[in-house]
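To start, the structure itself, in structure tokens.
Protein chains get the first letters and strands the later ones, always in sequence-line order, with residue 1 at the start of each.
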Amino acid sequence: MIVKDLINNALKELGIEVSSVEIEVPREEGHGDISTPVAMVLASKLKKAPRAIAEDIAGAIGNDPSFEKIEVAGPGFINFFLSGTYLHNELSAFIKDADGYVKRDVGRGEKVQIEFVSANPTGPLHLGHGRGAVVGSVLANMLTAAGYNVEKEFYVNDSGRQVRLLGESVYARYLELCNKEIKFPDDGYKGEYVSDIANNIFDKEGKKYCDIPFDECSDNFIDHSYKLMLEEIERDLKEFSVFFDSFQSERDIFSEGHVDGLIDLLKKKDLVYEDEGATWFRSTEFGDDKDRVIIKSDGQYTYFASDIAYHYLKAQKGFGELINIWGADHHGYVKRVRSAIKAVGFDPGHLKVILVQMVSLLRSGEPVQMSKRAGNFVTLREVMDEIGVDTTRFIFLTRKPDSHLEFDLEEAKKQSSENPVFYVQYAFARINSIFRKASDEGFNVNSQDDSVINRLTEPEELRLIKKILYYPMMFEGAVFAREPHRITYYLQELAGLFHPYYNSHRVLTDDRDLSLARLALCRAVMLVLERGLAILGITSPERM
RNA sequence: GCGCCUGUAGCUCAGUUGGAUAGAGCAACUGCCUUCUAAGCAGUGGGCCGGGGGUUCGAAUCCUCCCAGGCGCACCA
């Protein structure tokens, strides 16, 4: 950044050494466009008044055509005010090559894997899954745009007790169709979808299994059931604009020998012991609170066993970073997995776990109870159908993952005409509307001619230009922090500058050059909105 | 009891990784459509940033101790 270089040069000239110069964008417009508190940081070291130091630095910087003025203010801030010439030049550069201007190749092709959703294929997705799905998909979009090589993976728990329980539940419903008296499994899945699957099997295969005990046809029921669920999950996710590169099967982790391989490795490292018939992993040696069972006394592997085998497999694939997006109710798991990664010789720093906090679902202020087992829960599908994909995604993206989220179905619907997502989309639609009119009046809307840009002199226009030019910096910060919600807020702020501008100044006027300049500005706003919304996985409607 | 997350306007939430006088949306109130889309704009009111102590030029932000809420602490997933 230019400002940093200017300050560093000035400091060098003055013979002052400093480790790093901080730069910020002040909240207050009167405090300039860019500001640095460096003089205050230096004050105690130099035993000199901060304002005096600031004056020296400002003096050493001297005049630069990029700035209208550079002033010392407050307790010792140095504030930089960008010049109109600078803003016009930058806007021209942006319009000529928006993608190039926005491009920040911070990833440099580094391989990153994001594992998210990974819902058990034992029932439809609920709203909590939806939140993780949105955070994961947007994070993937962001990192891809920032030059990372991203793989999106869904881990399928197609092995073990839960899918078996689903199979048993379906089997029980199937026997009902055979008109048999049955005892429904104690912890069985009670949702209506279980009966749907049973119906599906009955339609296809008839009474074939009516007299066959579960143990003799369990594979059939289990496989059929979870595969149908997985299909439904994938279908819902696609409609929710969430796409995966790979679905890693837990069964394959077993059948390809990764679990046994991992346990052998741990044994070789003497990190495994037997106690009371079970096999334990010494996770406490790597920071866990207690040792963990990997093979139960009945010979069954725990989920933890396949989970750490899965993470070991991921670690071997050469990703620079492994991102896991988990529901906050799994936070107790983080230490465990991290200790396992450390145990097999990988840097646990490469594993980043983003915990997405709980979603409390409300309807008109009343809590909606959700229990998958009992079968009464609001599915992501229902919410998508009732509220809409764009709105649902946007609501998830207006909170940081750390925040608990209250999702009120009636509120989300009621606000549907004044929802924040529409505020942003409306700005896009309005600009397109202007363009339609402009085309009718003979303007070349996609003109690359920047000779009239300097006609943009209104305060609202300069504010908009600054906001547009700030996009790359904002985006880089969001990528660095891995925080999708920053983009959401930025877009709202950008729209929040555009609407007042639209209201106080006409784009298409009798002054042809001025109109062209304003059209160029509108186009720049549109290009930013389009890119931002695309990253959020939200549509950019040309009409509303 | 231990661990993680949260506590900011009446409600839902931001707050650029420690900066200047703490923001937005919703709700309330007052205005603005003969003009490129009023899903918009202009304006008003609203705060012990949960509380105490500490760190320093400077704290909503960092440390510590309390208080409150949520979620976890299995040979469950």
Side-chain angles (χ1 to χ4, degrees), chain A residues 22 24-28 30-31 35-37 39-41 43-44 49-50 73-77 79 120 122 157 160-162 165 187 275-280 289-290 292-298 300-304 307 327-335 355 357-358 360 365 395 398-408 411 414-427 429-438 440-441 470 473-474 477-478 480-481 483 485-486 488-490 492-493 495-496 498-504 506-509 515 518-519 522 543-544:
Chain A
E22 283 179 47
E24 62 195 48
V25 178
R27 263 200 299 260
E28 202 85 22
H31 294 155
S35 175
T36 178
M40 279 131 64
V41 177
S44 60
F77 291 97
N79 297 334
N120 274 343
T122 53
N157 289 110
R161 185 163 177 271
Q162 294 307 317
L165 200 53
D187 296 324
D275 188 38
E276 294 183 23
T279 305
W280 298 71
D289 304 317
K290 63 181 295 251
R292 306 292 174 179
V293 170
I294 47 179
I295 305 175
K296 298 189 269 185
S297 52
D298 64 2
Q300 295 280 312
Y301 292 93
T302 60
Y303 271 77
F304 182 53
D307 270 0
D329 51 340
H330 288 68
H331 78 259
Y333 229 64
V334 178
K335 255 188 195 173
L355 294 174
Q357 285 297 328
M358 305 281 97
S360 348
I395 288 173
T398 47
R399 273 83 170 172
K400 56 184 173 190
D402 281 342
S403 296
H404 301 245
L405 166 61
E406 285 195 9
F407 195 114
D408 193 307
E411 282 299 307
K414 195 172 69 183
Q415 291 178 11
S416 66
S417 60
E418 17 184 89
N419 202 292
V421 68
F422 296 116
Y423 186 76
V424 176
Q425 289 178 322
Y426 189 51
R430 264 185 160 171
I431 291 170
N432 277 279
S433 172
I434 296 171
F435 285 179
R436 286 190 289 271
K437 173 110 191 238
D440 291 346
E441 293 182 10
Y470 181 62
M473 227 186 297
M474 176 287 301
F480 178 74
E483 289 181 348
H485 73 275
R486 291 199 197 185
T488 319
Y489 279 88
Y490 169 87
Q492 290 186 83
E493 288 162 10
F498 177 75
H499 288 305
Y501 173 59
Y502 174 91
N503 226 266
S504 55
R506 281 191 64 83
V507 172
L508 303 174
T509 66
S515 301
R518 289 181 172 173
L519 280 169
C522 286
R543 290 172 204 270
M544 287 176 72

Legend entry - E24(A) CD to rG18(B) P, straight-line distance once rounded to whole Å: 11 Å

Legend entry - For Y301(A), ring pair (Phe, Tyr, Trp, His ring centres under 6.0 Å) partners two or more places apart: F254(A)

Inset, instruction - Report the distance from atom CZ of R399(A) to atom P of rG15(B), rounded to the nearest whole Å. - result: 12 Å

Inset, instruction - Write down the distance separating the C1' atoms in rU17(B) and rU61(B), rounded off to the nearest Å. - result: 8 Å

Which pairs, protein N/O on one side and nucleotides 28-35 of chain B N/O on the other, fall under 3.5 Å?
residue : atom : partner : partner atom : Å
rU35(B) : O2'  : R506(A) : NH1          : 2.9

Inset, instruction - May I have the distance from E483(A) (atom CD) to rU17(B) (atom P), rounded to whole angstrom? - result: 11 Å

Inset, instruction - Look at the side chain of T302(A) against the base of rA74(B) and say whether a donor-acceptor pair falls under 3.5 Å; ignore hydrogens and angles. - result: no

Inset, instruction - Name the nucleic acid region contacted by S403(A), choosing base, sugar-phosphate or nothing; use a 4.0 angstrom heavy-atom cut-off, strictly under. - result: sugar-phosphate

Legend entry - Aromatic stack F77(A)/rA20(B): centroid gap under 5.5 Å, interplanar angle under 30°: yes

Inset, instruction - State, without any angle test, whether T488(A) and T398(A) hold a side-chain donor-acceptor pair at a distance under 3.5 Å. - result: no

Inset, instruction - Check the distance between rA20(B)'s P and R27(A)'s CZ and give it to me in whole angstrom. - result: 4 Å

Inset, instruction - Write down the distance between CG (D298(A)) and C1' (rA74(B)), rounded to a whole number of angstrom. - result: 14 Å

Legend entry - Touch class at under 4.0 angstrom, heavy-atom based, for F407(A) against every strand present: nothing

Legend entry - d(NZ, K335(A); P, rC73(B)) in whole Å: 14 Å

Legend entry - rG50(B) and rA9(B), which share atom name P, separated by this distance in whole Å: 8 Å

Legend entry - Contacts of H330(A) that satisfy side-chain hydrogen bond (donor to acceptor under 3.5 Å, both in side chains) - sequence neighbours left out: none

Inset, instruction - Provide, to the nearest angstrom, the distance between the NZ atom belonging to K400(A) and the P atom belonging to rU17(B). - result: 14 Å

Inset, instruction - On RNA chain B, check which nucleotide each of R292(A) and A481(A) is closest to and give me the residue with the more 5' one. - result: A481(A)

Inset, instruction - Can you figure out which of rU21(B), rA77(B), rG15(B) approaches the side chain of H485(A) most closely? - result: rG15(B)

Produce the list of close N/O pairs, under 3.5 Å, pairing protein atoms with atoms of nucleotides 68-72 of chain B; give distances to one decimal.
residue : atom : partner : partner atom : Å
rG69(B) : N2   : H404(A) : NE2          : 3.4

Identify the pairs formed between an N or O of the protein and an N or O of nucleotides 55-57 of chain B at a distance under 3.5 Å, and give each distance.
none

Legend entry - d(CD, Q300(A); P, rC75(B)) in whole Å: 15 Å

Legend entry - Partner set under side-chain hydrogen bond (donor to acceptor under 3.5 Å, both in side chains) for N79(A), not counting sequence neighbours: S35(A)

Legend entry - Base rA20(B) to side chain N79(A), donor-acceptor N/O within 3.5 Å cut-off: yes

